[in-house]
Amino acid sequence: RADLPDEAKSRLDKLFALNPPPGQFRSAAAVLLGDVLAKLGKADAAVKQYRKAAAEAEDSDVIYLAYTHLIESLLKKKNDPEAVVVADEFAGRLPEGRTFLFLAEFLSGAKRPQEVLKYADQAARLLVTDETGQAKAVYYGMAANYETKQYAAAADSLKRLTRYIRNRDPKDPMVEEAVFWDCRINQSEKDAAGARKAYQSYLERYPAGKYAPDARFNLGLLAFDAGE
């Protein structure tokens, strides 16, 4: 139980003392023990258990659990270089759309745009029947293109993203993100007129939106640059 981590650890220690044979059960138990240790604040010990689980796991769901928990733990420890190495290992062990989407998302948070581009592209190609997953993959790729100053590629990704979310409710967070990214990309491409129009459109649609203060500030900058 989440509220009794010490008791959970004691029971799992007893389980491993019985030396269960390698396989799905033991690797899944190692993931659980890693979670308990993380709950107890023992990050290094948790990472060790996740590594053990990843090495032994054969079932695809357990492989996914082991590696995702391992990478999350490494990123929490600010061990980004090691997380990138483990990400490549994960992609090789389980080359599935969900794997690549997870990697794109977490490495985006770790500010690793080159790696994000690689995994986002693979996720988008594999998640052909999952429009929500494809939209997320394209979004992370777009953001990574923007971070690496590939603005034309970011604009192309934004067009793809817009197609995926065209039927969503305007209140959907991804729709608001797409509208504001149009502003960012126009401004980065030095299209002042396009940027002003995009910021104004954003504020008309989301006057109290997540990026409303940024939109007003950037409109002010654009007006100042134009001598207004």
Side-chain angles (χ1 to χ4, degrees), residues 71 75 80-81 83-84 87-88 91 95-207 209-226:
I71 291 168
L75 291 177
D80 295 355
V84 172
D88 284 335
E96 298 180 356
R98 61 175 174 168
T99 299
F100 298 127
L101 184 59
F102 169 86
L103 294 174
E105 178 178 358
F106 272 84
L107 292 173
S108 177
K111 304 298 182 185
R112 290 278 183 172
Q114 295 296 345
E115 286 81 8
V116 171
L117 286 171
K118 175 174 62 176
Y119 295 125
D121 180 64
Q122 293 181 80
R125 285 191 289 105
L126 289 174
L127 295 170
V128 291
T129 61
D130 180 359
E131 196 165 278
T132 298
Q134 279 196 321
K136 288 181 178 180
V138 171
Y139 174 83
Y140 293 125
M142 175 190 66
N145 276 315
Y146 183 86
E147 286 185 42
T148 54
K149 302 187 186 304
Q150 300 179 63
Y151 300 127
D156 287 341
S157 293
L158 179 59
K159 290 177 183 176
R160 290 177 63 196
L161 177 61
T162 302
R163 289 199 299 271
Y164 289 132
I165 64 176
R166 62 185 179 277
N167 294 323
R168 293 191 185 183
D169 189 300
K171 295 179 182 179
D172 187 306
M174 185 68 80
V175 176
E176 182 180 354
E177 288 286 334
V179 174
F180 193 72
W181 272 100
D182 186 37
C183 307
R184 284 175 169 160
I185 293 169
N186 274 293
Q187 189 168 10
S188 296
E189 291 186 312
K190 309 300 182 184
D191 181 359
R196 292 181 74 167
K197 183 178 179 180
Y199 281 125
Q200 288 164 351
S201 176
Y202 173 85
L203 287 170
E204 287 172 5
R205 296 177 67 175
Y206 304 101
K210 177 180 177 181
Y211 299 108
D214 292 325
R216 294 189 180 94
F217 177 77
N218 285 316
L219 274 173
L221 286 180
L222 290 165
F224 179 81
D225 290 342

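Since the model is a prediction, treat every value here as computed from it, not as a measurement.
Formation of a donor-acceptor pair under 3.5 Å by the Y206 side chain with backbone atoms of P170 is found in this model. Listed for the T162 side chain is a donor-acceptor partner under 3.5 Å among the backbone atoms of L158.
The distance from atom SG of C183 to atom CG of D191, rounded to the nearest 0.5 Å, is 11.5 Å. In this structure, OH in Y164 is found 10.5 Å from CG in D130, a value given to the nearest 0.5 Å. Distance check, rounded to the nearest 0.5 Å: CZ of R216 to CG of D214 gives 10.5 Å. Note that CD of Q134 and CD of E131 are 7.0 Å apart. Values are rounded to the nearest 0.5 Å. A distance of 11.0 Å separates CG of N145 from OH of Y151, quoted to the nearest 0.5 Å.
Remark: D156 does not engage R160 in a salt bridge, criterion side-chain N to carboxylate O under 4.0 Å. Ion pair E177/K210 flagged as a salt bridge, since at least one NZ, NE, NH1 or NH2 atom sits closer than 4.0 Å to an Asp/Glu carboxylate oxygen. A salt bridge is defined here as a Lys NZ or Arg NE, NH1 or NH2 lying under 4.0 Å from an Asp or Glu carboxylate O, and D225 with R196 fails to meet this definition.
Of all heavy-atom pairs between R168 and V175, the closest is CB-CG2, 3.8 Å. Here the closest heavy-atom approach between residue L107 and residue A87 is recorded as CD1-CB, 4.2 Å. The shortest heavy-atom contact between V138 and S157 is CG1-O, 3.2 Å. Minimum interatomic distance between L75 and A83 (heavy atoms only, all atoms of both residues): CD2-CB, 3.7 Å. In terms of heavy-atom proximity, P113 sits nearest to A144 at O-CB, 3.5 Å. When all heavy atoms are compared, the tightest approach of N186 to A198 is ND2-CB, 4.2 Å.
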### Task
Dump the intermediate steps for side-chain contact (heavy atoms from CB on, under 4.5 Å) on E96 and L126, then the final yes or no.
CA-CA 7 Å; E96 298 180 356; L126 289 174; 5.7 Å; no

#### Entry: Criterion side-chain contact (heavy atoms from CB on, under 4.5 Å) on M174 and L161, from CA distance to verdict
CA-CA 9 Å; M174 185 68 80; L161 177 61; 4.2 Å; yes

### Task
Kindly determine whether S201 and R205 satisfy side-chain contact (heavy atoms from CB on, under 4.5 Å), including the steps that lead there.
CA-CA 6 Å; S201 176; R205 296 177 67 175; 4.1 Å; yes

### Task
Check the pair L219, L203 against side-chain contact (heavy atoms from CB on, under 4.5 Å), reporting the backbone distance first and the verdict last.
CA-CA 10 Å; L219 274 173; L203 287 170; 3.6 Å; yes

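Using cut-offs of 30° and 60° for the angle between ring planes, the F180 and Y211 rings count as parallel.
Residues I165 and D172 fail the side-chain proximity criterion, which asks for heavy atoms closer than 4.5 Å. Inter-residue side-chain proximity for K118 and F100 is flagged as unmet; no heavy-atom pair is nearer than 4.5 Å. Under the 4.5 Å side-chain criterion, counting only non-hydrogen atoms from C-beta, T148 is in contact with Q114. With a 4.5 Å cut-off on side-chain heavy atoms, R112 and P81 count as touching. With contacts defined as side-chain heavy-atom distances shorter than 4.5 Å, the pair W181/Y139 qualifies.
By the side chain to side chain donor-acceptor pair (under 3.5 Å) test, Y199 is found to be paired with Q187, N218, residues two or more places apart in sequence or in another chain being considered. Scanning for side chain to side chain donor-acceptor pair (under 3.5 Å) contacts around S188 gives Y146, with sequence neighbours left out.
For the 3.5 Å distance criterion, the side chains of Y119 and D88 qualify, holding a donor opposite an acceptor.
Under a cut-off of 6.0 angstrom, the local environment of NZ in K136 is sparse, with at most 12 non-hydrogen atoms contributed by other residues, nucleotides or ligands.
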